[in-house]
Amino acid sequence: MSYDENNIFAKILRGEIPCKKIYEDDFVLSFFDINPQKKIHALVIPKGKYVDLDDFSVNASSVEIVGLLKGINKVAKKLEISVDTGKGYRALANISEHGGQEVPHLHFHLFGGEKVGKMVQ
Ligand code: 5GP
């Protein structure tokens with residue numbers, strides 16, 4: 001699947017649509033999900049144009065891959081849900097059709113602020 005420049009997260013990255021920003025650096029943008037499924041529901045997206053985790057794993061540079069993973073940790077710390085707070089959270093990426101991915105720009109969901117329950121329903 002080729003990258004759709006008009007997907008909603010591409011528009012957020014370009015500043016065409018507002019978001020409730022949590023964190024930003026050279027590699028990631030993080031903002032709150034518009035339809036939160038848990039007390040805390042953040043999204044972390046790479047700044048590069050990657051459709052999903054498979055695309056990212058194959059095509060992103062090592063620097064981008066490290067940047068995304070470190071970005072997730074920075075967001076978790078900022079939201080005070082990281083392991084060192086004693087809380088923790090779930091990081092989840094939906095991938096393509098069977099994974100239930102709706103927005104075709106790679107994103108990790110971070111769920112926390114409460115126990116998030118069973119992994120798959
Ligand atoms: P997916 O199903 O692709 O893994 O998740 C897409 C997520 O993006 C959903 O949880 C949905 O609520 C969120 N979302 C869709 N449109 C917007 C938007 O315009 N702003 C924000 N902040 N989140 C959105």
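Residue numbers start at 1 and run along the sequence shown. In each ligand, atom 1 is the first atom listed, and ligand 1 is the first ligand listed.
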Nearest-contact summary for [atom] - protein heavy atom, Å:
atom: atom 8 (O) of ligand 1; answer: Phe9 CZ, 3.4 Å
atom: atom 16 (N) of ligand 1; answer: Ile8 CG2, 4.0 Å
atom: atom 9 (C) of ligand 1; answer: Asp33 OD2, 3.3 Å

Atoms of ligand 1 close to [X] [distance to a heavy atom under 4.0 angstrom, numbered from 1]:
X: Gln101; value: 3 (O)
X: Phe31; value: 22 (N)
X: Asn94; value: 1 (P), 2 (O), 4 (O)
X: Asn35; value: 12 (O)

Structural part of His109 in contact with ligand 1, heavy atom criterion under 4.0 angstrom: side chain

Within reach of ligand 1, part of His107 (heavy-atom separation under 4.0 Å): side chain

Worked check of ring pair (Phe, Tyr, Trp, His ring centres under 6.0 Å) between Phe56 and Phe108: CA-CA 12 Å; Phe56 188 73; Phe108 276 87; 8.3 Å; no

Min heavy-atom dist Ile17 to ligand 1 below 4.0 Å: no

Min heavy-atom dist Gly100 to ligand 1 below 4.0 Å: yes

Ile34, any N or O under 3.5 Å of ligand 1 N or O: yes

N/O separation below 3.5 Å, Phe32 to ligand 1: yes

Asp84 bridged to Lys77 by N-O distance under 4.0 Å: yes

Salt bridge present between Glu24 and Lys21 (N-O < 4.0 angstrom): yes

Any Leu43 side-chain heavy atom under 4.5 Å of Phe9 side chain: yes

Identified side chain to side chain donor-acceptor pair (under 3.5 Å) counterpart of His109 within the set Gln37, His41, Lys38: His41

Check for a donor-acceptor pair, side chain of [X] on one end and backbone N or O of [Y] on the other, with a separation under 3.5 Å.
X: Gln101; Y: Ser96; result: yes
X: Lys78; Y: Ile22; result: yes
X: His105; Y: Pro46; result: yes

Nearest candidate to atom 3 (O) of ligand 1, where distance is taken over non-hydrogen atoms, out of Glu102, Lys11, His105, Gln37: Glu102

Which residues share a side-chain contact (heavy atoms from CB on, under 4.5 Å) with Val63, sequence neighbours left out: Phe27, Ser61

